[in-house]
Amino acid sequence: MTSQRTHYCGELRAGHVGQEVRLCGWVHRKRDLGGFAFLELRDREGVVQVMIDPGAAPEAGAAAKEVRPEFVVRVEGIVASRGENVNPKIPTGQVEVHARNLEILSRSKPVPFPMEDQIDALETTRLGFRYLDLRRPALQRIMMLRAKAARVAREALAERGFLEFETPILTRSTPEGARDYLVPSRISPGSFYALPQSPQLFKQLLMVAGFDRYFQLCRCFRDEDLRADRQPEFTQIDLEMSFVAADDVMAVTDELLARVFRDTIGFEVPRPIPRLTYADAIRRFGVDNPDVRYGLELIDVGDVLGKTEARFLREPFEAGGRIAALRIAGATFSRKELDELNEVVKPYGAKGVANAKLAGGAWQGGLAKFLGGEPGAAFAQRTGAADGDLVLVVADADPDTASTAAGRLRQHLARRLGLVKDASWGFTWVTEFPMFERDAATKRWAAKHHPFTQPLREDAGLLESDPGKVRAQAYDVVVNGVEVGGGSIRTHEPELQGRVFRALGMDEAEAQRRFGFLLEALAHGAPPHGGLALGFDRLVMFLAGTDSIRDVIAFPKTTRAACLMTGAPAEVDEAQLKELGLAYKGSRGGSPES
RNA sequence: GGGGCGGUAGUUAAGUUGGUUAUAACGCCGGCCUGUCACGCCGGAGGCCGCGGGUUCAAGUCCCGUCCGCCCCGCCA
């Protein structure tokens, strides 16, 4: 294999018996019986037992006395059958290596946690010794899985005629979207580069340049607060195509996802991946990233309950809000459990969850007094409630709040009721996103996807009159209720792009200042084009079956965007700041005093 | 920016109503052991109870502040 070794530890099998081998690896465990000693030797492919008989190999016996866990050693010897002493727990368990020679290549201090899959070390400890954490078989498997997924994606795209590009990491800040990471310029004091939130504009420019099909496994940077599935720097499979409609991009993505899932974990993604419009997603699931592995869909009951005596329903409805119901067949919830549902919904801005249960043809529960006679019958019919069914109701004057709360309630109930089967998969596209949404702070329209997205042609006329109604040629792909990718057809006509900028409250001068280079490019023969980006880390999370993004990134950061191993971010020398023309106001390491 | 949980030997945890010398397991060190495989047996060492302040005769324990980690909302595509 190399000049130093002939095999991986983990690859030895009964077929190797009798062969002379040289192995290099880490001492996983030592069992010293006083005479014989056994070492478990580990490398990335697995573990194999090494037997040391000091009678047969005195020097190896002496070396074995010194060996401790995680020492790096080289073993020379003969692969032998273990006969009666097979270890069925490990793939190499039928054989062992009878050492003729044992050489210590490197020593190890005692390690803070064992190199095993099941460890109880806190994440702080693991991240502080990430190189040891990564040495554990579980993370070795994930990192190899990640490498394979990347390779498969590259192959699949290359076969489809996509060209791999690199785009700048030091680029220009574009105030749209997330907060930028900034890099000061030494040569132009007071000026800054930004790290890319995505290579969006560059890939469009590559289309203008005529490359037709682009892809990149690119690092992206966003200076926002972190979550279990969000890191400040993450990787996307980014692609862009010319002369395409949304259907074409989605078809390519279907194929790409299918290849990655099949060639890594052997799962067949159903093709084509079903599609759902944004409006339908909100109506049926309350959220734009629905988990489609189970039903329990939302039912609109505004016209049924919006006129009853119940003020907490009538007032929101008359104010233009939404009343959504969830029917749970034959459910039994205690009073306490029903109360707890209020807490599920409150973080999303809803007031609470009302309930009614159909029993013996009559409604019981909090809503019962509003459900006598005709309204009660209509409610039963609309929700399809049968005897013994529980119906939960969420209402809010802001339809988005009602939808989100009901949608999150749906997810909560699905988990609680065990509706999500392990190892099941739900893929869906969500299409026709709104072009704009109100910025909560400024009350202005903001691009929901990004400002280069093309409106649906039939909605373009509303850009000036009713921007809120304009739908975009934008699409997200959602797996098990997690957005794993999204993209759009871009605007390739400068005139239309200008109208979008104006809808965003950006005048000609500002648009020119920020995106002049793009508008100029669009004015020099831009092909119709569109693309998409997949969150590669999230994809690997699914393939690996983990719910922490830190498990799929070799050197991840904490929720405060720090690296516990290197200590980044860290203070720098005054001289470095001076060279950059920077001075820091406030207490160093803490938050700045304004 | 807001809410929740956590921080005690190398590691993971226990620590009652504030009360004597802060426990346990694993790991570590020394000794014994020729078929172990989470080897076993005997012995031993190891503590800034995150940090700072306060209350008290007395603080791991109560109070205030602060730092760090994880989860969620806002934010983020």
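Here is the naming used below: chain letters follow the sequence lines, and residue numbers restart at 1 for every chain. Hydrogens, waters and symmetry mates play no part in the numbers below; they use all other heavy atoms, side chains included. All figures in this text were calculated on a predicted structure; none of them were measured in a lab.
Under the side chain to side chain donor-acceptor pair (under 3.5 Å) criterion, R416(A) pairs with E337(A), sequence neighbours left out. Residues satisfying the side chain to side chain donor-acceptor pair (under 3.5 Å) criterion with D32(A), sequence neighbours excluded, are K65(A). For the side chain to side chain donor-acceptor pair (under 3.5 Å) test, residues two or more places apart in sequence or in another chain that qualify with E437(A) are K448(A). Residues passing the salt bridge (charged side-chain N to carboxylate O under 4.0 Å, His left out) test with R438(A), sequence neighbours excluded: none.
A stacking contact between F36(A) and rU34(B) is absent: the pair does not combine a ring-centre distance of less than 5.5 Å to the base's six-membered ring with planes differing by less than 30°.
OP1 or OP2 of rG69(B) sits under 4.0 Å from a side-chain N or O of T558(A). The shortest distance between the side-chain N/O atoms of T559(A) and the OP1/OP2 oxygens of rC70(B) is below 4.0 Å.
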Quick one: which protein N/O atoms are closer than 3.5 Å to N/O atoms of nucleotides 39-42 of chain B? Pair and distance per line, please.
| residue | atom | partner | partner atom | Å |
| --- | --- | --- | --- | --- |
| rC39(B) | OP2 | R29(A) | NE | 3.1 |
| rC39(B) | OP2 | R31(A) | NH1 | 2.5 |
| rC39(B) | N4 | D32(A) | O | 2.5 |

Nucleotides 46-48 of chain B: which of its N/O atoms have a protein N/O under 3.5 Å away?
none

What protein N or O atoms touch nucleotides 29-31 of chain B N or O atoms at under 3.5 angstrom, if any, and at what distances?
| residue | atom | partner | partner atom | Å |
| --- | --- | --- | --- | --- |
| rC29(B) | OP1 | R68(A) | NE | 3.1 |

Distances for protein N or O near nucleotides 75-77 of chain B N or O, under 3.5 Å:
| residue | atom | partner | partner atom | Å |
| --- | --- | --- | --- | --- |
| rC75(B) | O2' | E224(A) | OE1 | 2.6 |
| rC75(B) | O2 | R230(A) | NH2 | 3.3 |
| rC75(B) | N3 | R230(A) | NH1 | 3.3 |
| rC75(B) | N3 | R230(A) | NH2 | 2.8 |
| rC75(B) | N4 | R227(A) | NH2 | 3.4 |
| rC75(B) | N4 | R230(A) | NH1 | 3.1 |
| rC76(B) | O2 | R230(A) | NE | 3.3 |
| rC76(B) | O2 | R230(A) | NH1 | 2.7 |
| rC76(B) | N3 | R230(A) | NH1 | 3.1 |
| rA77(B) | OP1 | A178(A) | N | 3.0 |
| rA77(B) | O3' | R222(A) | NH1 | 3.4 |
| rA77(B) | O3' | R222(A) | NH2 | 3.4 |
| rA77(B) | N6 | D288(A) | OD2 | 3.4 |

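Sorted by first and then second residue, the salt bridge (charged side-chain N to carboxylate O under 4.0 Å, His left out) pairs involving residues 394-404 of chain A (not counting sequence neighbours) are K351(A)-D396(A). Note on residues 542-553 of chain A: pairs passing salt bridge (charged side-chain N to carboxylate O under 4.0 Å, His left out), not counting sequence neighbours, are E123(A)-R550(A), R126(A)-D551(A).
Judged by distance alone with a 3.5 Å cut-off, no donor-acceptor contact links the side chain of R408(A) to the base of rC72(B). Taking 3.5 Å as the limit, the base of rG3(B) and the side chain of E343(A) contain no donor-acceptor pair of atoms between them.
Listed by residue number, T125(A) are the residues of residues 125-136 of chain A with a heavy-atom contact under 4.0 Å to RNA chain B. For residues 47-63 of chain A, proximity to RNA chain B is found at Q49(A), M51(A), defined as any non-hydrogen atom under 4.0 angstrom from a strand atom.
Checked by atom type and distance alone, the side chain of K557(A) never pairs as donor or acceptor with a backbone atom of P232(A) at under 3.5 Å.
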